[in-house]
Amino acid sequence: MNIYWESFKTFFKIGIFTLGGGYAMIPLIEEEVVNRKKWVSKEEMLDLIAIAQSCPGVFAINIATFIGYKLHKTRGAIATTIGTALPSFLIILAIAIFFKQFEDNRIVASIFRGIRPAVVALIAVPTFRLGQRAKLNKYTIWIPVACALAIWGLGVSPIYIIILAALAGYIYGRCRI
């Protein structure tokens, strides 16, 4: 089978069956790309997630683009990016066409209220997995907690957190050499 078509289909399937955005896609991407197809290793996946989070733009598109590029350079990046974006585009297009008919429907509103907690779980699971792979322990667990509290509680920009973390990592690495 054409490898570009295979990567497009893989990311299209991930895109169409994921509610909740890019972070909710992480378990599906990991299952397909790391476990089933073995296109990237678990360590590479962790690095790709970190890079995708650090780059401007939509997380799901970023990670799909990076994986596609790693696999098949520019054409692979195009295939995975379109595969990821197309389902959302088609769903939003359908919603836009039919929204007026359903905007006051109590059943639809109830369905979305039920989906919200599941989306939180879909985001929480990869967060815990990332923490495990990042080798967090009782001495380092305070770092992501402090960063999250600074962003959420104090309104610190995530950009400053990323810059500070990169600087701290660089200094720590230089001190250990």
Side-chain angles (χ1 to χ4, degrees), residues 1-95 115-137 140-141 143-145 147-148 151 158-159 161-163 165-170 172-173 176:
M1 178 181 290
N2 182 330
I3 193 67
Y4 302 112
W5 176 244
E6 179 69 22
S7 56
F8 170 84
K9 277 188 354 184
T10 298
F11 279 89
F12 187 88
K13 181 173 73 172
I14 290 167
I16 204 157
F17 290 112
T18 306
L19 297 171
Y23 295 102
M25 287 181 165
I26 293 173
L28 290 174
I29 293 172
E30 187 173 8
E31 180 60 31
E32 286 292 318
V33 172
V34 176
N35 299 337
R36 288 191 65 231
K37 300 198 184 299
K38 302 195 184 317
W39 287 342
V40 297
S41 70
K42 288 186 179 194
E43 292 76 25
E44 288 173 313
M45 184 68 179
L46 182 61
D47 291 340
L48 289 171
I49 289 170
I51 293 167
Q53 287 175 313
S54 302
C55 292
V58 178
F59 173 78
I61 299 294
N62 289 347
I63 198 158
T65 302
F66 294 144
I67 291 170
Y69 188 82
K70 182 189 179 309
L71 294 174
H72 316 293
K73 302 295 181 216
T74 303
R75 288 182 181 170
I78 291 169
T80 56
T81 301
I82 292 172
T84 302
L86 190 58
S88 297
F89 174 76
L90 295 175
I91 290 167
I92 294 298
L93 183 62
I95 288 171
I115 289 172
R116 287 182 194 134
V119 170
V120 171
L122 289 171
I123 294 169
V125 169
T127 301
F128 290 119
R129 286 187 184 153
L130 285 172
Q132 289 173 329
R133 278 196 221 114
K135 296 179 177 51
L136 292 177
N137 58 42
T140 59
I141 190 68
I143 298 169
V145 171
C147 292
I151 293 167
I159 294 169
I161 299 292
I162 292 168
I163 292 169
L167 187 62
Y170 174 77
Y172 177 75
R176 289 195 54 139

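For the numbers below, each heavy atom of this structure counts, side chains included, while hydrogens, waters and symmetry mates do not.
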Point-to-point distance, once rounded to the nearest 0.5 Å, from [atom1] of [X] to [atom2] of [Y]:
{"X": "Ile91", "Y": "Leu86", "atom1": "CD1", "atom2": "CG", "result": "9.5 Å"}
{"X": "Ile26", "Y": "Thr127", "atom1": "CD1", "atom2": "OG1", "result": "6.5 Å"}
{"X": "Met45", "Y": "Ile67", "atom1": "CE", "atom2": "CD1", "result": "5.0 Å"}
{"X": "Asn2", "Y": "Lys9", "atom1": "CG", "atom2": "NZ", "result": "10.5 Å"}
{"X": "Ile78", "Y": "Tyr4", "atom1": "CD1", "atom2": "OH", "result": "9.5 Å"}
{"X": "Tyr69", "Y": "Thr74", "atom1": "OH", "atom2": "OG1", "result": "5.0 Å"}

For Glu31, what residues pass the salt bridge (charged side-chain N to carboxylate O under 4.0 Å, His left out) criterion, not counting sequence neighbours?
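Listed in chain order: nothing, the list is empty.
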
For Arg116, enumerate each residue passing the salt bridge (charged side-chain N to carboxylate O under 4.0 Å, His left out) test, keeping only those at least two apart in sequence or located in another chain.
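Not a single residue meets the salt bridge (charged side-chain N to carboxylate O under 4.0 Å, His left out) criterion with Arg116.
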
Which pair of heavy atoms, one from [X] and one from [Y], lies closest together, and at what distance?
{"X": "Pro87", "Y": "Gly15", "result": "CB-C, 3.7 Å"}
{"X": "Ala134", "Y": "Leu46", "result": "N-CD2, 4.0 Å"}
{"X": "Thr140", "Y": "Leu136", "result": "OG1-CA, 3.3 Å"}
{"X": "Pro27", "Y": "Arg129", "result": "CB-NH1, 4.1 Å"}

What pairs of donor and acceptor atoms, side-chain ones from residues 47-66 against any protein atom, are under 3.5 angstrom apart with sequence neighbours left out?
residue: Ser54; atom: OG; partner: Ala50; partner atom: O; Å: 2.8
residue: Asn62; atom: ND2; partner: Ala52; partner atom: O; Å: 3.1
residue: Asn62; atom: ND2; partner: Cys55; partner atom: O; Å: 3.4
residue: Asn62; atom: ND2; partner: Pro56; partner atom: O; Å: 3.3
residue: Thr65; atom: OG1; partner: Ile61; partner atom: O; Å: 2.7
residue: Thr65; atom: OG1; partner: Thr81; partner atom: OG1; Å: 2.5

Among residues at least two apart in sequence or on other chains, which ones pass side chain to side chain donor-acceptor pair (under 3.5 Å) with Lys42?
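Applying side chain to side chain donor-acceptor pair (under 3.5 Å) to Lys42 gives none.
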
Pairwise salt bridge (charged side-chain N to carboxylate O under 4.0 Å, His left out) hits with a residue in residues 71-87, at least two apart:
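Those involving residues 71-87 do not exist here.
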
Tell me every residue that passes side-chain contact (heavy atoms from CB on, under 4.5 Å) with Ile159, counting only those two or more places apart in sequence or in another chain.
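Counting only residues at least two positions away or on another chain, Ile159 forms a side-chain contact (heavy atoms from CB on, under 4.5 Å) with Ser157, Ile163.
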
Parallel, tilted or perpendicular for Phe11 and Trp39, by the 30°/60° rule?
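Rings of Phe11 and Trp39: parallel, under 30°.
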
Ignoring hydrogens and angles, tell me if any N or O in the side chain of Lys38 forms a donor-acceptor pair with the backbone of Asn35 under 3.5 Å.
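Here the side-chain-to-backbone pair exists.
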
